[in-house]
Amino acid sequence: VILKNRKRYVVDSLLFSCENKEKETRISLESALLAATFDGTISIGDLPAALEGHFGRYFNLHESGPPKTSRPQAFTFQIALRDPRMFTEVFFPQLDRLTAGDIQGNYDSEKRDLNLIGNIAGVAYGGFDIDSLRLKITSDARLLQASLSVGSVSDSMLLLTNLQLSASVGHDSIAAALRSTGSNGETKMLLAGNCTSVPEGYRWRFSPDGVVFQNTAWKVPADNAILFGGGRLIASNVVLRGGGQSLSVNSADGNTQQQI
C-alpha cells in the first residue's frame, strides 16, 4: 500500500528477483503496475558507460575518451507499463495523462548491434498533448540510426501532425531532421542539417534545402555554420529567407573567434 495526500494506492502483488553473477545478470519484476525483465552479461550499474562507449564508436563526444576494450557485453530487456495511474497520481503528478506502453531491446557489443523499440499511445504534460509516440533505435558496424515519431503534438494554440525526428550517426557526423507533414503527405515544417564533431567542439550546418516553415521552403547559404562546445557559441552566415521574411544569426563583427 502506498499513501499520498491521505489517499491509498493498493499494489495487489509484487514479485521481484535478481541474480547477479560475475558474468551474468538476470532481473525480473512482475506487478499489476508494470512488468520488466533484463538478461545480460553486464551489470545494471555498468550500462550508462557501456552505451556511452557504444555511441562513441560513431561520434566523438570529446568529454569521454575512446571506448575501453573489455569483455563482450550483451543484454536483452523488456518493460511493459500496465497501469499508469499510479505514475501520474503518485510518482509523476506533473503528467496529466499517460497511457500504457512498452519498450524492449537488445545489444551485442561484438556485433555493434543495438535494437530498441518503444511505444506509448498518449502523454499529456504542461498543457501539451502528445499522441502515438514511437521510438526506434538500431545500429550495426557502420551506422547508428534513431527515429522518434509522434502522431500529433498540440496545445491551445499549436497543432503539429505526423511529427518525426530522425538521425543517422556515423564517422563523427550526425545527419538529423525534424519534420511535420500534413494528411496529404506535404511537408509543413522541416529543420534538417548535419552536426559534425570537430577538434574545437561541434559544428552544425543547416542543409541548403533543409528548412521549411508553413509549407514554404526557405533558402539557406551552403556555408552557414554554428560552432558550439567548450563554452562557445559562434554563428557564421546563418541566414534563412523565405515567404518574404528572413532570419539572420551571426557572431558580432563576423569574428569567428568571438564568443557570444
Handout entry: Steps toward side-chain contact (heavy atoms from CB on, under 4.5 Å) verdict (Leu15, Leu29)
Key = CA-CA 6 Å; Leu15 178 62; Leu29 174 65; over 6 Å; no
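- Two different hydrophobic clusters hold Leu148 and Leu143 under the rule that ILVMFWY side chains link at heavy-atom gaps under 4.5 Å.
- For Gln94, the CD atom counts as densely surrounded, since its 6.0 Å shell holds more than 12 non-hydrogen atoms of other residues, nucleotides or ligands.
- Linking ILVMFWY side-chain heavy atoms closer than 4.5 Å, directly or via other members, places Leu34 and Ile44 in a single hydrophobic cluster.
- Rounding to the nearest 0.5 Å places CG of Asp155 at 14.0 Å from OH of Tyr125.
- Contact check for Val211 versus Leu191: side-chain heavy atoms found under the 4.5 Å cut-off.
- The OG atom of Ser152 lies 6.5 Å from the CG atom of Leu159; values are rounded to the nearest 0.5 Å.
- Ring-centre distance between Tyr58 and His171: not below the 6.0 Å cut-off.
- Val249 is connected to Ile226 through a chain of hydrophobic side-chain contacts under 4.5 Å among Ile, Leu, Val, Met, Phe, Trp and Tyr, so both are in one cluster.
- Closest approach of Ala100 and Pro84 over heavy atoms only: N-CG, 3.9 Å.
- Taking the six-membered ring where the residue is Trp, Phe59 and Phe55 present tilted rings, their angle falling between 30° and 60°.
- Distance check, rounded to the nearest 0.5 Å: OG1 of Thr187 to CG of Asn215 gives 8.5 Å.
- For the residue pair Thr37/Asp39, the side-chain donor-acceptor check at 3.5 Å is not satisfied.
- Under a hydrophobic-cluster definition in which Ile, Leu, Val, Met, Phe, Trp and Tyr are linked whenever side-chain heavy atoms come within less than 4.5 Å, directly or via other members, Ile117 and Leu47 are assigned to different clusters.
- Side-chain atoms of His54 and Ser109 form no donor-acceptor pair, as typed in the model, at a separation below 3.5 Å.
- A salt bridge does not link Arg82 with Asp102: none of the charged nitrogens is closer than 4.0 Å to a carboxylate oxygen.
- Between Glu186 and Lys188 there is no salt bridge, since none of the side-chain N atoms of the basic residue sits less than 4.0 Å from a carboxylate O of the acidic one.
- Across all their heavy atoms, Ser236 and Asn250 have their closest contact at C-OD1, 3.3 Å.
- Side-chain atoms of His62 do not come within 3.5 Å of backbone N or O of Pro199 as any donor-acceptor pair.
- Using a 30° and 60° split on the angle between ring planes, Phe228 and Tyr202 fall in the tilted class, from 30° to 60°.
- The two atoms that bring Pro48 and Gly45 nearest to each other are CD-O, 3.6 Å, heavy atoms only.
- Atoms OG1 and CG, on Thr181 and Leu163 in that order, are 9.0 Å from each other to the nearest 0.5 Å.
- Listed here is the closest heavy atom pair of Ile234 and Ser251: CG2-OG, 3.2 Å.
- Among all heavy-atom pairs drawn from Ile42 and Ala50, the shortest one is CD1-CB, 3.5 Å.
- Distance CG/Leu81 to CG/Leu33: 6.5 Å, rounded to 0.5 Å.
- The shortest distance between side-chain heavy atoms of Thr25 and Ser43 falls below 4.5 Å.
- Contact annotation: the side chain of Asn119 never approaches that of Leu133 to less than 4.5 Å [non-hydrogen atoms, C-beta and beyond].
- Counting side-chain heavy-atom gaps under 4.5 Å among Ile, Leu, Val, Met, Phe, Trp and Tyr, the cluster of Val212 also holds Leu190.
- A donor and an acceptor atom, one from each side chain of Asp223 and Asn237, are located under 3.5 Å apart.
- Under the 3.5 Å distance criterion, with hydrogens and angles disregarded, no donor-acceptor pair is assigned to the side chains of Asn194 and Arg205.
- The two residues Val238 and Phe206 come nearest to each other via the heavy atoms CG1-CE1, 4.2 Å.
- Within a 6.0 Å sphere centred on CZ of Arg241, other residues, nucleotides and ligands contribute 12 heavy atoms or fewer.
- Ser197 OG to Ile174 CD1: the interatomic distance, rounded to the nearest 0.5 Å, is 8.5 Å.
- The backbone N or O of Thr161 lies less than 3.5 Å from a partner atom in the side chain of Ser180, making a donor-acceptor pair.
- Ring centroid separation for the pair Trp218 and Phe213 comes in under the 6.0 Å cut-off.
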Handout entry: Residue pair Ser147, Gln164: steps toward the side-chain contact (heavy atoms from CB on, under 4.5 Å) verdict
Key = CA-CA 7 Å; Ser147 66; Gln164 183 177 58; 4.2 Å; yes
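- Here the side chain of Thr88 pairs a donor or acceptor atom with the backbone of Arg85 at under 3.5 angstrom.
- Phe38 has its side chain out of reach of Ile79: every pair of non-hydrogen atoms, C-beta onward, lies at least 4.5 Å apart.
- A 4.5 Å side-chain heavy-atom check between Leu95 and Val123 finds at least one atom pair inside the cut-off.
- Ionic pairing of Arg112 and Asp140 is not present here: no N-O contact between side-chain nitrogen and carboxylate oxygen is shorter than 4.0 angstrom.
- One hydrophobic cluster holds both Phe128 and Leu178 under the rule that ILVMFWY side chains link at heavy-atom gaps under 4.5 Å.
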Handout entry: Candidate pair Leu233 and Leu227, rule side-chain contact (heavy atoms from CB on, under 4.5 Å), full reasoning
Key = CA-CA 6 Å; Leu233 179 60; Leu227 181 66; over 6 Å; no
Exercise for the section: Kindly determine whether Asp113 and Asn106 satisfy side-chain contact (heavy atoms from CB on, under 4.5 Å), including the steps that lead there. Expected result: CA-CA 8 Å; Asp113 182 33; Asn106 62 274; 3.7 Å; yes
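- Between Asp129 and Arg97 there is a side-chain heavy-atom pair separated by less than 4.5 Å.
- Side chain of Asp172 to backbone of Asn60: a donor-acceptor contact under 3.5 angstrom is found.
- In this structure a side-chain-to-backbone donor-acceptor pair under 3.5 Å is missing from Thr196 to Val198.
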